Trainee: 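Below is one structure. I have some questions about it.
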Amino acid sequence: MGGAYSPGVKPMLVFRLDRYLRGGDHSAFNDQGFAAVRFTEWREDFNHQHQNVRTENGIEYGDLPKFVDFDYVARVARLNAATLASLASAPARPANVRLLTKDLENDSTLTWEASAGDQGTEYEVLWRATTSPEWEHVQKVGSVLRATLKLSKDNVIFAVRAVDASGHRSLPAVPIPER
């Protein structure tokens, strides 16, 4: 959503559960098996977080309202709202997504079950290099439950997502290999 909505915040995925020596509110959700993320500034000011409110040697410590960048908080809130609205409008992701691996071949065949509540849903196959953290390519495949792409399953990571009639996209579902 950051790229599509352009709220003045450039989110970046960081593949570490949290920062060193402190934890975010998302950790408890992750511990219970829920997907959760945290937003943090790239360059944190340690004088104004993770500190008891106090003044020492003329330096004010603590998380006080006067140290909050409310314009930044508003931009993050708008990005969160746009993301939640997009997810709430999206169809359910395809179920039981499989990547057929029974034959040695350079083409890749994926199968899936229709999204729950499927009403005119179409599907897209996404893929990315095995070294990429983001989906790099997408191919519309229509209202089908099977697609074969001229891509080697050994060289990319695939996913399938649902698209409703209004263009809302589900979260991608990564396939399980099926022999």
Side-chain angles (χ1 to χ4, degrees), residues 1-95 97 99 115-116 123-140 151 154-164 166-176:
M1 282 309 300
Y5 178 66
S6 188
V9 176
K10 294 182 181 180
M12 176 177 55
L13 292 173
V14 175
F15 298 100
R16 179 180 293 139
L17 290 178
D18 211 335
R19 301 145 299 160
Y20 294 107
L21 303 177
R22 58 214 187 278
D25 296 338
H26 70 292
S27 298
F29 291 96
N30 291 151
D31 291 345
Q32 295 297 315
F34 295 98
V37 297
R38 70 176 163 83
F39 278 90
T40 188
E41 294 179 58
W42 180 77
R43 212 122 161 107
E44 299 173 80
D45 185 341
F46 300 115
N47 290 344
H48 302 300
Q49 60 189 52
H50 312 291
Q51 299 280 342
N52 292 328
V53 176
R54 67 187 189 284
T55 301
E56 287 180 9
N57 300 321
I59 299 172
E60 287 186 277
Y61 292 92
D63 191 7
L64 297 168
K66 68 180 178 179
F67 300 123
V68 175
D69 180 345
F70 288 101
D71 288 334
Y72 175 77
V73 171
R75 289 191 306 270
V76 170
R78 285 192 290 274
L79 176 59
N80 285 341
T83 300
L84 290 172
S86 175
L87 290 171
S89 300
R93 69 172 71 187
V97 179
L99 174 62
S115 299
Y123 298 92
E124 297 176 336
V125 175
L126 302 110
W127 66 94
R128 64 183 186 215
T130 58
T131 56
S132 176
E134 297 183 21
W135 299 111
E136 299 169 308
H137 308 280
V138 61
Q139 182 171 324
K140 295 178 181 184
L151 293 165
D154 294 322
N155 299 332
V156 298
I157 297 172
F158 287 106
V160 179
R161 70 179 171 200
V163 183
D164 70 13
S166 298
H168 301 114
R169 288 169 167 75
S170 75
L171 292 173
V174 176
I176 296 172

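These figures come from a predicted structure and were not determined experimentally. Along the sequence shown, residues are numbered consecutively beginning with 1.
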Trainee: Quick one: closest heavy-atom pair of Asp154 and Thr130, and the distance?
Mentor: O-CG2, 4.3 Å
Trainee: Rounded to the nearest 0.5 Å, what separates atom NE2 in His50 from atom CD in Glu44?
Mentor: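 The CD atom of Glu44 is 5.5 Å from NE2 of His50, to the nearest 0.5 Å.
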Trainee: Can you check whether Ser166's main-chain N or O pairs, donor with acceptor, with Asp164's side chain at less than 3.5 Å?
Mentor: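 Judged by distance alone, yes, a pair lies under 3.5 Å.
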Trainee: Over 60° means perpendicular and under 30° means parallel, so classify the ring planes of His137 and Trp127, tilted if in between.
Mentor: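 Parallel, since the angle between the ring planes stays under 30°.
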Trainee: Side chains of Glu60 and Phe67: closer than 4.5 Å at any heavy-atom pair?
Mentor: yes
Trainee: Kindly give the heavy-atom pair with the smallest separation between Ala162 and Ala92, and that separation in Å.
Mentor: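 Scanning both residues, the minimum pair turns out to be CB-O, 3.5 Å.
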Trainee: Does the side chain of Val73 come within less than 4.5 Å of Asp69's, by heavy atoms?
Mentor: no
Trainee: Say you draw a straight line from OG1 of Thr131 to CD of Glu136; how long is it, rounded to the nearest 0.5 Å?
Mentor: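 Separation between the atoms: 7.0 Å.
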Trainee: Verify, without hydrogens or angle tests, whether Glu124 (side chain) and Val163 (backbone) share a donor-acceptor contact under 3.5 angstrom.
Mentor: no
Trainee: Please report the shortest heavy-atom distance between Ser115 and Pro94, naming the atom on each side.
Mentor: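 The answer is OG-N, 3.6 Å.
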Trainee: Closest heavy-atom contact between Pro172 and Arg161?
Mentor: CA-CB, 4.0 Å
Trainee: Shortest non-hydrogen contact from Arg128 to Pro133?
Mentor: NH1-O, 3.6 Å
Trainee: Nearest 0.5 angstrom please: His168 NE2 to Leu87 CG, how far?
Mentor: 11.0 Å
Trainee: Does CG in Asp31 sit with more than 12 non-hydrogen atoms of other residues, nucleotides or ligands closer than 6.0 Å?
Mentor: yes
Trainee: Should the heavy atoms of other residues, nucleotides or ligands under 6.0 Å from CZ of Phe34 be counted, would the total exceed 12?
Mentor: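 For Phe34, atom CZ is not crowded (no more than 12 foreign heavy atoms under 6.0 Å).
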Trainee: About how many Å separate CG of Asn30 and CG of Asp25, when rounded to the nearest 0.5 Å?
Mentor: 11.5 Å
Trainee: Minimum heavy-atom separation for Phe158 and Leu99, please, with both atom names.
Mentor: CD1-CD1, 4.2 Å
Trainee: Any donor-acceptor pair under 3.5 Å linking the side chain of Ser86 with the backbone of Ala82?
Mentor: no
Trainee: Drop me the distance from Thr83's OG1 to Arg78's CZ, to the nearest 0.5 angstrom.
Mentor: 13.0 Å
Trainee: Within this structure, what is the CD-CD1 distance for the pair Gln51 and Ile59, rounded to the nearest 0.5 Å?
Mentor: 10.5 Å
